[in-house]
Protein chains: 2
Amino acid sequence: MRLTTKGRYAVTAMLDLAFHSQKNPVTLTDIATRQTISLSYLEQLFARLRKAGMVTGVRGPGGGYKLSRDASLINIADVIEAVDEQLDSTKCGGEANCQNNKACLTHDLWMGLSDQIRGYLQGISLGDLLEKHHVKEVAKRQEMDAKVIELHRMDRCQSLYK
Amino acid sequence: MRLTTKGRYAVTAMLDLAFHSQKNPVTLTDIATRQTISLSYLEQLFARLRKAGMVTGVRGPGGGYKLSRDASLINIADVIEAVDEQLDSTKCGGEANCQNNKACLTHDLWMGLSDQIRGYLQGISLGDLLEKHHVKEVAKRQEMDAKVIELHRMDRCQSLYK
DNA sequence: TACTTAACCTAGCAAATTAGTCAACTATCC
DNA sequence: GGATAGTTGACTAATTTGCTAGGTTAAGTA
């Protein structure tokens with residue numbers, strides 16, 4: 001189990017997709033502009049997500065991507081592992097240095113820990129996050145009513161992502 | 001919060017250190033050979049761990065490294081963050097200046113998730129893992145007594161890493 | 001049928017990170 | 001003084017990341 005920016009991009013994109021694809025498919029171009037991720041990079045991530053059976057692509061005009069099952073049935077661990085290639089058969093996998101010695105034991109320990117993290121992330125679905133997302137959005141809308149200049153804030157936000 | 005092989009090496013080495021430094025300091029050479037991690041790479045990792053105040057180096061003959069506090073007081077999140085450099089203080093800075101924009105909302109979501117993972121790992125100390133370590137070791141000893149063929153165990157171990 | 005849209009695919013590339021080596025130090029103990 | 005052992009820094013090779021550029025294929029629509 002690894003946690004890198006790649007996995008983060010995938011989760012972010014999947015959240016965006018889950019949020020916007022209630023009715024129609026969502027194009028990667030839309031996600032790319034909303035989340036400021038490069039289109040080609042998104043395409044690569046979604047190629048993996050598609051192979052993992054989490055999203056389905058719809059070609060042609062009006063096409064795009066949609067979740068292949070409900071957001072509550074897609075957990076974060078799945079998304080991350082779909083894009084992260086999960087190799088890492090390091091060390092004691094190859095040679096026969098994996099006797100009943102300490103190396104193997106501590107390695108086992110780490111694998112156990114890794115499993116626990118995976119288990120934790122498996123317990124969180126896109127749907128779970130969406131709920132929080134929605135709550136937060138409502139909260140922010142209320143802030144908007146307080147007459148804060150949106151354009152100024154958007155500008156600041158976008159420049160921060162460059 | 002990131003999870004890479006770097007952090008794994010650090011945790012593995014710290015576990016080894018915690019296990020072997022009950023009385024005397026442990027040299028990095030020992031850890032390197034036991035855990036099959038390159039000595040120089042270990043030196044780099046321990047330079048950071050030392051700066052983070054988790055280990056203390058003892059120079060001269062009979063020297064080595066030892067934990068600067070009890071294993072039960074060092075948690076996994078600390079170890080990982082000590083070596084992982086945790087830059088990426090996230091584009092839109094922790095401030096609430098980036099609101100009303102979807103990119104920032106999902107960003108917040110991810111940060112929250114990251115915090116939860118960190119919190120989870122903070123709840124696990126080296127001491128906790130050592131206990132399990134001991135339990136497992138005893139279990140393996142018992143297996144040995146039961147004359148289980150060791151080769152079979154090696155196979156199992158290896159298949160787990162594939 | 002031609003055109004457009006957008007998924008899908010391939011190759012490559014610069015920057016960053018990983019995982020390491022090598023060599024020159026400095027401190028400590030016998 | 002000499003061996004042991006930690007400290008530091010510079011350097012490197014391989015891999016991964018994030019991204020660009022270009023093409024192909026399938027599906028709508030004019």
Side-chain angles (χ1 to χ4, degrees), chain A residues 2-13 17 20-21 24-33 35-68 80-91 94 161-162, chain B residues 2-13 17 20-21 24-33 35-52 54-66 68 80 83-88 90-91:
Chain A
R2 293 191 312 181
L3 288 182
T4 65
T5 52
K6 197 174 189 177
R8 180 163 111 187
Y9 276 126
V11 172
T12 303
L17 179 59
H20 289 95
S21 67
N24 305 316
V26 177
T27 68
L28 292 190
T29 308
D30 283 353
I31 300 180
T33 52
Q35 307 299 335
T36 54
I37 306 173
S38 99
L39 175 60
S40 302
Y41 194 51
L42 266 186
E43 282 173 348
Q44 287 173 44
L45 296 180
F46 272 74
R48 289 172 186 267
L49 293 170
R50 192 168 48 82
K51 276 173 194 158
M54 323 184 73
V55 297
T56 40
V58 181
R59 292 179 160 213
Y65 277 99
K66 53 182 180 177
L67 300 182
S68 50
I80 292 175
E81 285 182 350
V83 299
D84 249 350
E85 194 69 43
Q86 170 86 1
L87 47 100
D88 239 3
S89 55
T90 25
K91 307 307 170 197
Y161 275 89
K162 293 266 165 76
Chain B
R2 294 191 309 182
L3 288 182
T4 65
T5 52
K6 198 174 189 178
R8 179 163 111 188
Y9 276 128
V11 172
T12 303
L17 179 59
H20 289 96
S21 68
N24 305 316
V26 176
T27 68
L28 291 190
T29 308
D30 284 352
I31 300 180
T33 51
Q35 306 299 336
T36 53
I37 306 174
S38 101
L39 176 59
S40 307
Y41 197 50
L42 267 187
E43 284 170 350
Q44 287 176 46
L45 296 181
F46 272 74
R48 289 171 186 267
L49 292 171
R50 192 169 48 82
K51 277 174 194 159
M54 322 184 75
V55 298
T56 40
V58 181
R59 292 179 160 213
Y65 276 99
K66 55 182 180 178
S68 49
I80 292 174
V83 299
D84 247 351
E85 195 69 45
Q86 175 80 9
L87 42 95
D88 198 26
T90 60
K91 302 143 189 186

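Within every chain, numbering begins at 1; the chains are lettered A, B, ... in the order of the sequence lines, protein sequences first and strands thereafter. What you are looking at is a predicted structure, and each value in this text was computed from that prediction instead of being measured. Every heavy atom of this structure was used, including side-chain atoms; hydrogens, water molecules and symmetry mates were not.
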Just jot down the side-chain contact (heavy atoms from CB on, under 4.5 Å) partners of B/Ala47, sequence neighbours excluded, or say none.
none
If you round to the nearest 0.5 Å, how far is CD1 of B/Ile37 from CZ of B/Arg8?
9.5 Å
For B/Ser38, enumerate each residue passing the side-chain contact (heavy atoms from CB on, under 4.5 Å) test, keeping only those at least two apart in sequence or located in another chain.
B/Ser40, B/Tyr41
So do B/Ile31 and B/His20 actually touch side chain to side chain, heavy atoms under 4.5 Å?
no
Heavy-atom side-chain proximity of A/Leu67 to A/Met54 below 4.5 angstrom
no
Report the C-alpha distance between B/Tyr65 and B/Leu17 in whole Å, list the side-chain angles of each, state the deciding distance to 0.1 Å, and finish with yes or no for side-chain contact (heavy atoms from CB on, under 4.5 Å).
CA-CA 8 Å; B/Tyr65 276 99; B/Leu17 179 59; 4.3 Å; yes
Residue list, side-chain contact (heavy atoms from CB on, under 4.5 Å) with A/Ser68, at least two apart or on another chain:
A/Thr56
Interatomic distance, B/Leu45 CG vs D/dG9 C1' [rounded to whole Å]
16 Å
How long is the line joining CZ of B/Arg48 and C1' of C/dA19, in whole Å?
13 Å
Over how many whole Å does the gap from A/Tyr41 atom OH to C/dA15 atom P extend?
17 Å
Taking only side-chain N and O atoms of B/Ser40, does any of them lie within less than 4.0 angstrom of OP1 or OP2 on C/dC22?
no
Please state how far atom CG in A/Leu42 lies from atom C1' in C/dC9, giving the value in whole angstrom units.
16 Å
Test side-chain contact (heavy atoms from CB on, under 4.5 Å) applied to B/Asp30 - qualifying residues, sequence neighbours left out
B/Val26, B/Thr27, B/Arg34
Produce the list of close N/O pairs, under 3.5 Å, pairing protein atoms with atoms of nucleotides 1-6 of chain D; give distances to one decimal.
{"unit_1": "D/dA5", "atom_1": "O4'", "unit_2": "B/Gly60", "atom_2": "O", "d": "3.4"}
{"unit_1": "D/dG6", "atom_1": "OP1", "unit_2": "B/Gly64", "atom_2": "N", "d": "3.2"}

Considering the terminal five base pairs at each end of the helix from C/dT1-D/dA30 to C/dC30-D/dG1, what angle separates the two local helix axes, rounded to 10°?
10°
